[in-house]
Structure formats: C-alpha cells, structure tokens
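Below, chain A is the first sequence line, B the second, and so on; all start at residue 1. Note that the structure is predicted; figures quoted are calculated from it, not measured.
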Amino acid sequence: MLVLGIETSCDETAAAIVRRDVDGSGTIVANVVLSQIEDHTAYGGVVPEIAARAHVEALDAVIERALAAAGVAIADLDAVAATAGPGLIGGVLVGLMTAKAIAAAAGKPLIAVNHLEGHALTARLTDGLEFPYLLLLVSGGHTQILAVEALGRYRRLGTTIDDALGEAFDKTAKLLGLPYPGGPAVERAARGGNPARFDLPRALLGRESLDFSFSGLKTAVRHAAQAIAPVTEADIADLCASFQAAVCDVVARKCGRAIDRFRAETGIIAPTLVVAGGVAANKALRAGLDAATAAHRARLIVPPGSLCTDNGAMIAWAGAERLACGLVDDLDAPARPRWPLDPTAAPRLGSGQHGAKA
Amino acid sequence: MLILALDTSLDACAVAVATGERIIAERTEVIGRGHAERLMGLIAAVLANAGVGYDAIERIGVTVGPGSFTGIRVGVAAARGLRLALRRPLIGISTLDAAAEAIAATAGGLPILAAWDARRDEVYARFYAADGTPTGEAMAAPAAQVAAMLGGRAHACVGSGAPLVATFAGDAARVVDLRGHAPIAAVARLTARAVEPVALPSPLYMRPADAKPQAAAGVARA
C-alpha cells in the first residue's frame with residue numbers, strides 16, 4: 001500500500017510517500033522536508049503564528065514535490081495520513097485540513113496520526129524492528145521514555161516534568177548568545193570546552209523514577225555564567241561542555257535504568273532502545289547512549305538524522321501501520337494540541353482544562 | 001460551470017454549489033468555532049443536496065479573509081488540498097468584497113462600506129461604489145478613522161464592524177446588514193465572475209504576526 005504522510009506540527013513543512021508491503025516491511029518512496037528555521041531565527045524560537053502562516057503557503061507545493069519525486073498520482077494512494085497533534089495547533093490544522101480535503105476529493109481514507117506515534121514507529125520502517133522495544137524521544141517539545149508494546153499501545157515510563165531537552169539546549173544557547181536552533185550551536189561550542197569545569201546538577205537521579213527535569217539545570221547554567229561574567233569564548237565552550245555532559249549523564253543513566261526495568265518486566269534478555277527526536281543528532285548524547293546500552297546489554301538503534309527530526313515519512317509509515325490494521329478516521333477528526341501517547345499515565349506536565357501535554 | 005464555494009473566515013462555516021451565478025445548494029452554519037471539524041461534512045452534505053460529486057466541480061472559490069487567522073487557514077488549506085486532488089482552478093475571494101457584493105443590489109444607489117469587527121476598536125474595512133466595485137484597498141484601521149473617511153456622505157454599511165463605524169459616523173453610516181460573515185452565495189458569484197489567477201490564493205491577514213525579535217543575550221560577553 002502507498003500512503004501520503006503530512007507533517008506540520010512545528011517548524012518543518014513536510015510530506016512523504018511510503019510503501020508498506022504485505023510482509024510488513026516499508027520503503028520511503030519520497031520524502032520532502034522544508035525547514036522554516038530562517039523564518040524563526042530572529043525570534044530565538046518558533047513563533048506559532050509565523051509557523052502557521054508559512055505552512056499554509058508552502059504545504060501544497062511540498063506535497064506536489066513528494067508526489068512528483070515518487071512518480072505517484074493521488075489516485076494511486078491507498079490513504080492520506082497527517083499529524084493531528086500534539087503540536088502547535090495553527091500548523092497542525094493546516095496539515096490536517098489539507099489531508100482531509102485530499103482524502104475527501106480523491107475518495108481515500110484519512111488517518112489522523114499522533115506525531116509521537118510517528119516517532120515511536122520509525123525504527124520499524126528503517127530497521128524492521130519487532131514489538132516490544134524502548135523508545136527515548138528527545139526533541140524541542142518532548143522528552144520521554146516509552147515502552148512501545150504494540151501498535152497503539154505505548155506505556156510511558158518517564159517524562160520531563162518541566163523543560164524538554166531540546167528546549168534546554170535552546171535556552172542555554174540563548175543565554176550565552178549562541179544562535180537558534182540551540183542544539184547544534186551548543187554542541188559546536190562544547191567541542192573545545194572542559195566538561196568538568198562547572199559542577200552542574202543532575203536532577204532526579206537519586207530516585208528510581210525515570211522522569212527528567214531540566215529547568216534547574218538551565219538556572220544553574222545561568223548562575224554559573226553570571227558568576228564569571230563577562231564570559232569569554234573559552235568560558236562559553238566550558239559552560240556548553242559542562243551543560244552537555246550533565247544532560248548526557250542524566251539521559252544515559254535513566255536509559256540504563258529503563259533497560260533494566262524493561263528487561264525485568266518483559267523477560268527480554270537483550271532489549272532494543274530506539275532514539276528519536278531532533279536531539280538524537282547530538283554526538284555526545286549518542287556516545288553516552290552507546291556506552292549505556294553496551295553496559296546494560298541492550299541494542300541501540302538511532303535512525304538516520306533526517307528521520308529523527310520531524311518528517312512526513314514517519315507520519316506516512318504510522319498511517320500505513322494503522323491502515324493495515326483497519327484503523328482509519330472520520331473527516332471530522334479534530335486537531336489536538338495535547339495528545340498523550342499513553343492516556344493512562346498520570347499527567348506530569350500540563351494539566352487543568354487542557355489536560356496533559358503529551 | 002459548476003462552482004464549489006467555501007467560507008470559514010469568520011463566524012460561519014458555509015458551503016455552496018452553484019452553476020455560474022445560480023445557487024443549486026448551500027448551507028451556512030454560524031458556529032463561531034470548530035470550522036476544521038465541520039467543513040468536510042458540510043461540503044459532503046451540500047454536494048449531496050446538489051446531486052453532484054467532487055469530480056463534477058469545475059472551479060473552487062474560498063474566502064481568504066480578512067477574518068480569524070485560524071479560520072482563514074482552515075478554508076485556504078482545505079481549498080488548496082481540493083485543488084491538488086481535483087486539478088481545478090482555485091479562486092481566493094475577499095470576505096469584504098463578498099459582503100459588499102451581497103448588498104449591492106439593494107444598497108439604493110449609495111456607496112458601500114464593508115467592515116468586520118477586528119477588535120481593539122478597529123475594523124477590517126473597504127469602500128465600494130454602489131454596484132460593489134472597490135474604490136480603495138482593504139485596511140485594518142481604527143473605527144473612528146474609517147468613520148472619518150465617509151466624509152459625512154451617506155453610505156450603505158455592511159458587516160459586524162458597521163455598528164462600530166456608525167457610533168463615530170452618525171447618520172452617514174446606514175447600517176443595512178450586520179451579519180458576521182460573508183454571504184456564501186456572494187462568494188460563489190464572485191468566484192464565477194473572477195478571472196483565473198496565475199498565483200494560488202493566499203490568506204489576507206491584514207495584520208502581522210504578533211511577535212517581537214529576540215532581545216540581546218542573557219549574559220555579558222567579554
């Protein structure tokens with residue numbers, strides 16, 4: 001089956017065509033991503049209204065490029081999938097409405113995909129991975145450890161209780177006058193720095209919990225920087241290296257614990273840990289996870305960078321997996337700014353009338 | 001020529017099917033919000049009433065604003081998606097132009113002002129001749145400023161912003177219709193009359209995104 005996937009939940013306008021064969025294997029036929037980073041750089045972060053405006057101008061051409069690159073007509077598709085949340089609602093609405101219109105006019109089923117499910121299932125597309133496995137999702141909007149048990153069955157083992165990891169990188173970059181996006185900038189600056197110079201906090205390590213907290217770390221970086229201000233290039237390098245060492249330490253140790261817990265729960269001797277999200281591109285984090293998975297006798301899968309960051313292929317693939325199980329949506333499907341993958345997990349972030357964030 | 005007209009820019013979710021300027025079926029639901037959930041079901045219902053399928057549509061018209069930023073994008077994104085699937089021309093229609101067109105036949109020879117309430121005591125507004133032909137550009141402006149532009153001359157005023165203008169303009173503003181959306185039949189008529197555009201329709205926001213460039217770095221650098 002051939003599925004068109006549309007992703008517009010943050011600052012990438014993306015569309016892809018993915019094929020799923022009857023044996024469950026998948027192939028990316030076309031994958032087009034248009035980044036809006038330049039539109040947001042001056043603001044030091046993604047501005048929701050600017051993102052929504054850019055999506056509506058760009059999306060149909062991005063879809064046309066994907067179809068053309070695949071040599072596929074809309075009539076050839078078996079379904080149209082789009083991110084329906086969680087994410088910036090203005091952008092999600094653009095992708096979802098475009099998908100609904102194509103599906104209705106072409107007489108194809110619509111699949112309203114949870115963006116996090118797209119990340120969660122990517123390793124099944126790239127590596128043919130079988131359920132169950134562990135997922136570390138680290139992006140600008142999310143930081144979670146999930147047990148991926150089956151299609152539609154995701155158990156949250158841990159989550160950030162404040163800032164997402166990518167957000168912590170962005171805020172550290174902003175504090176130190178480094179450009180947006182902060183992840184690559186901090187990683188670059190950290191390269192020549194001394195990771196042991198500043199003793200930064202590793203939050204929530206003392207407990208059995210697999211939850212994360214990065215808000216205190218951000219404050220500690222600010223205090224350390226202000227204490228030695230004005231900061232030189234070497235100071236910035238040391239601050240970035242120390243910050244990065246702290247987050248890599250926390251994430252690696254939490255993942256080690258998650259592997260042990262997952263093994264105890266499932267009886268699987270050598271579990272697999274999959275990493276997804278934009279922060280997966282960080283080389284220091286990757287090294288920390290390599291060491292942690294080796295020490296805890298697990299296999300590490302890091303999909304290619306272009307499939308770790310937001311993309312349409314993961315949405316098309318999640319749509320294909322759902323379609324293969326007969327899971328399709330009605331054309332009144334709502335866009336959902338908040339949509340936890342594990343609806344049974346207690347909210348740790350975001351509450352009140354809007355419910356848990358993710 | 002069979003036309004499908006859509007409007008989700010303001011307080012209504014509305015769909016019409018027309019042959020040229022003659023309406024075959026239409027539905028307008030004043031829902032305020034929830035356009036994204038309702039629109040496709042409404043299109044299906046109106047197509048069914050008209051006894052036609054998507055493949056019969058020869059031209060699509062959609063309102064591009066001014067109006068609610070989100071509502072505008074719901075309509076424009078859907079219409080651009082329909083264009084991709086149907087390969088038919090897509091026309092963007094101003095909500096103000098449609099409002100003026102809707103009252104042109106009954107305006108009694110007066111020049112027309114179409115105005116939507118844009119909050120903060122401002123209106124989205126545009127002036128027209130008595131036959132609905134625009135005589136200026138669309139603007140987002142304080143209601144008092146638009147009222148002054150009437151120059152004391154009687155105008156037929158239409159739209160949710162008309163009463164606001166009238167509070168400053170007095171008798172010159174003859175409020176003839178204060179509905180909060182562009183009548184979908186007028187959107188369909190303007191779609192039928194439009195010259196096929198080269199470019200795809202884009203939202204007509206009239207206001208920039210509310211965002212300020214980043215302040216300087218948090219810590220002093222040597």
Side-chain angles (χ1 to χ4, degrees), chain A residues 8 40-45 47-50 52-53 55-57 59-61 63-64 67 74-75 80 89-91 93-108 110 171 174-178 180 222 225-226 228-233 235-236 239 330-335, chain B residues 4 6 8 33-45 47 53-57 60 62 64-65 68-88 90 199-203 205 207-222:
Chain A
T8 55
H40 300 282
T41 300
Y43 303 96
V47 181
E49 176 63 21
I50 290 175
R53 290 184 177 197
H55 286 305
V56 76
E57 295 294 348
L59 179 58
D60 51 2
I63 294 170
E64 281 184 309
L67 290 166
I74 287 174
V80 182
I89 189 75
L93 275 171
V94 168
L96 185 58
M97 286 314 297
T98 304
K100 285 180 179 182
I102 294 171
K108 309 291 181 184
L110 170 79
K171 286 175 176 173
K174 199 168 185 170
L175 170 82
L176 299 175
L178 301 175
Y180 172 85
R222 187 184 337 115
Q226 283 166 345
I228 57 165
V231 295
T232 63
E233 292 298 322
D235 292 332
I236 289 173
L239 282 161
D330 292 330
L331 291 176
D332 62 355
Chain B
L4 174 69
L6 315 175
T8 58
R33 53 184 305 162
H35 301 74
E37 286 88 336
R38 191 68 192 104
L39 180 61
M40 302 317 296
L42 207 55
I43 295 175
L47 286 174
Y54 277 103
D55 52 358
I57 296 163
I60 307 158
V62 65
V64 294
S68 136
F69 296 169
T70 297
I72 293 167
R73 280 192 290 267
V74 165
V76 170
R80 286 172 73 150
L82 291 176
R83 185 202 66 90
L84 272 185
L86 300 174
R87 299 274 141 208
R88 296 297 185 186
L90 172 59
L200 286 172
S202 289
Y205 297 111
R207 279 177 178 161
D210 196 7
K212 289 188 180 66
Q214 189 181 10
V219 63
R221 294 182 67 152

Looking at every heavy atom in both B/E37 and A/P334, which two are closest together, and how far apart are they?
OE2-CB, 3.5 Å
Shortest non-hydrogen separation from A/I50 to B/A209 and the atoms involved
CG1-CB, 3.7 Å
Here the pair of heavy atoms bringing B/A36 nearest to A/M97 is O-SD, 3.5 Å
Please report the closest heavy-atom contact between B/A220 and A/A229, naming both atoms and the distance.
O-CB, 4.2 Å
Would you say the side chain of B/L84 lies within less than 4.5 Å of the side chain of A/E64, judging by non-hydrogen atoms?
yes
Atom pair CD1/CG of A/I74 and B/L86 - distance to nearest 0.5 Å
8.5 Å
Contact winner vs chain B - A/G107, A/P48, A/A104, A/A335, heavy-atom pairs under 4.5 Å
A/A104
Quick one: does any side-chain atom of A/K100 pair with a main-chain N or O of B/G81 as donor and acceptor, under 3.5 Å?
no
As an exercise, state the distance from CG of A/D60 to CZ of B/R80, rounded to the nearest 0.5 Å.
4.0 Å
Should B/P203 and A/E57 count as side-chain neighbours, where that means a heavy-atom distance under 4.5 Å?
yes
So which part of A/I236 gets closer than 4.5 Å to some heavy atom of chain B, the side chain, the backbone, both or neither?
side chain
Does atom CZ of B/R207 have more than 12 heavy-atom neighbours, drawn from other residues, nucleotides or ligands, at distances under 6.0 Å?
yes
Only pairs of heavy atoms separated by less than 4.5 Å count here; which of A/L93, A/V231, A/V47 has the most with chain B?
A/V231
Indicate the atoms forming the closest heavy-atom contact of B/L82 with A/A105, along with that distance.
CD2-CB, 3.7 Å
So for B/S202, is it side chain, backbone, both, or neither that comes closer than 4.5 Å to the heavy atoms of chain A?
both
Where on B/R87 is there a heavy atom nearer than 4.5 Å to chain A: the side chain, the backbone, both, or neither?
side chain
Measure the spacing between CG of A/D235 and CZ of B/R221 and express it to the nearest 0.5 Å.
10.0 Å
Heavy-atom proximity to chain B below 4.5 Å, by part of A/I63:
side chain
Side-chain donor or acceptor of A/R53 paired with backbone N/O of B/R73 under 3.5 Å:
no
Side chain / backbone / both / neither for A/I102 at chain B, heavy atoms under 4.5 Å:
both
Tell me, for B/L39 versus chain A, whether the close heavy atoms (under 4.5 Å) come from the side chain, the backbone, both or neither.
side chain
Just give me the residue among B/P208, B/P201, B/A44, B/A77 that pairs up with chain A most often, heavy atom to heavy atom, under 4.5 Å.
B/A77
If you count heavy-atom pairs within less than 4.5 Å of chain A, which of B/A78, B/G53, B/G75, B/A79 leads?
B/A78
Comparing A/H40, A/K108, A/E49, A/R222 against chain B, the one with the most heavy-atom pairs below 4.5 Å turns out to be A/E49
For B/L200, is it the side chain, the backbone, both or neither that has a heavy atom under 4.5 Å from a heavy atom of chain A?
side chain
